[in-house]
Amino acid sequence: MIKKILVANRGEIAIRVMRTCREMDIQSVAVFSEADRDSMHVRFADEAYCIGPAPSAESYLVIDNIIEVAKKCKADAIHPGYGFLSENAEFANRCEQEGIIFIGPSAYAINTMGDKITARKKMLDAGVPVVPGTSEPIEDLKKAVGAIKEMGLPVMIKASAGGGGKGMRLIHNEDEIISGVNAARSEAMAAFGNDAVYIEKYINSPHHIEFQILADKHGNCIHLFERECSVQRRHQKVVEETPSPIMTPEVREEMGRYATAAAKAVNYASAGTIEFIVDDDLNYYFLEMNTRLQVEHPITERVVGVDLVKEQINIANNLPLRYKQEDLKQNGSAIEVRIYAEDPDNNFMPSPGQVKHITEPLGLGVRHDGYVYEGYTIPMDYDPMISKLIVWAPTRSEAIDRMKRALYAYKITGIKTSIPFLSRIMNVPDFVKGRYNTHFIQDNQQHLELKDNASDKIKDVVAITAFVDFLTKVDSATKVSSNGSIASNWKTCGRIRSLNRL
Ligand code: MV4
């Protein structure tokens, strides 16, 4: 049984994983870059090791360094979180070679689902509906033009190695086909070192709806229903909710069955997500599989009542799933918003810097997964997401009210955040009615623009008052680390001598 887990990540997700470790009486090990010495995930772990300089290519992405720490501290497993090495098949393989359990799927499953053309073929074989299109890479441009004319325009050219919106090209007219395919190819080559591209019929104004699955190493697989993730900006999710306001019980059951079939087709064993695009008539098509724990997993945890990290660890321990499909039901409604250190009123410019004051929202039905604290300086080297606010209520309408209340209570000074933008979303009529698709933010610009209204001004006064209160606290008691040393003084932080750092 796993006794010690190295968390190969930082920020809120590292802390999220460590919380479950604590509940399961598992020791946790943090790794951190030189920019993250003062990061909360370092304080939260039972042990912590520096793995390199600030750039993730020299720290959080360096497989050798992470394996070295895992061996040194005798961790029996590694949890990769999301991003970084979480969908890196080489890393999963390397863990296995070194006798360390990778808390995630097999390298085979990561590879198969990571290549979109291979994934499409697997899904077709498994009878899962995929977007109409080609299932071989485009070789011959003439044949591609023929295939596209037959399919009908518009189409999307997608990189086989892409995903999450990278390496896509939309083609509207016949005379754009050849230049479009060539552009997609060279973009894919530059971004992924792989120029294989394929064709999909363009689904206009789709919904992005994904299904959470859990599969064990004994052939059992269940789904934990859907998450509606259509509120996106530049392929970044902004709001996620479950249940989806457009889903029906019949379609949910069908899609759930296809989601488990998709996972089974690659002998999946861990937590995973099947993404579908869904049109207004509820026609749905497999888009891709995310072979990791996702940012938005907490809304599923809240509505279904399952700790997904705990289940991942149990699966990694070879335990059979303890839930049967018929045991699971969706209870109430949950919404998550992602809080970014960005200025929504200045083209979402990153806003790193020192957090002067933070008041986190609390109360009935509120969960806040974050990692920043007063005096912490948000480094500019990583993703600017600083926290996730998750609310639950018996109904969707009450969940929206609760989200408004929690966003109102959430105060941060010192940096700009997306909180005001998220508050505006909660008031957009189309959102409130549950009538939105992936064009939501585009279609509702006028509702989402900065308004110099009284309510924003009152919030500023509250924030300034809170800041004065903070200064008083700093003056009297609060210890805020400002030297470069590790802020925690109640725990020893290790170092890897061979890396000659710290
Ligand atoms: C599509 C599509 C329409 N038709 N594929 C964007 C992210 C990547 N996972 C796939 N994406 C899309 N693929 C076909 N055939 C529209 C999108 C898309 C999108 C999908 C999900 C969520 C937001 C989106 C925003 C723009 C485009």
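Order of appearance sets the numbers: ligands from 1, and atoms from 1 within every ligand.
Every N/O-N/O distance between Pro206 and ligand 1 stays at or above 3.5 Å. Here's the thing with His208: none of its N/O atoms is less than 3.5 angstrom from an N/O atom of ligand 1. At under 3.5 Å, a nitrogen or oxygen of Glu288, whether backbone or side chain, sits near a nitrogen or oxygen of ligand 1.
With sequence neighbours left out, Tyr268 forms a side-chain hydrogen bond (donor to acceptor under 3.5 Å, both in side chains) with no residue at all. Contacts of Arg120 classified as salt bridge (Lys or Arg N to Asp or Glu O under 4.0 Å), with partners at least two apart in sequence or in another chain: Glu200.
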Fill in: Verdict with supporting geometry, Tyr410 and Thr417, side-chain hydrogen bond (donor to acceptor under 3.5 Å, both in side chains)
CA-CA 11 Å; Tyr410 196 166; Thr417 74; over 6 Å; no
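The atoms of ligand 1 that sit less than 4.0 Å from any heavy atom of Val131 are 15 (N). Ligand-side atoms of ligand 1 in range of Tyr202: 3 (C), 4 (N), range being under 4.0 angstrom from any heavy atom.
Relative to the ring axis of Phe421, Arg338 does not place its NZ or CZ within 45° and under 6.0 Å from the centre.
For Met168, the closest heavy-atom approach to ligand 1 falls below 4.0 Å. Heavy atoms of Lys158 come nearer than 4.0 angstrom to ligand 1 in at least one pair.
With a 4.0 Å cut-off on non-hydrogen atoms, Asn204 does not touch ligand 1 at all. Proximity of Thr438 to ligand 1, defined as any heavy-atom pair under 4.0 Å, is confined to the side chain (atoms from C-beta onward).
For Val62 against Ala57, the heavy-atom pair with the smallest separation is CG2-O, 3.3 Å.
Under the 6.0 Å cut-off for aromatic ring centres, Tyr60 and Tyr382 qualify, their centroids lying closer than that.
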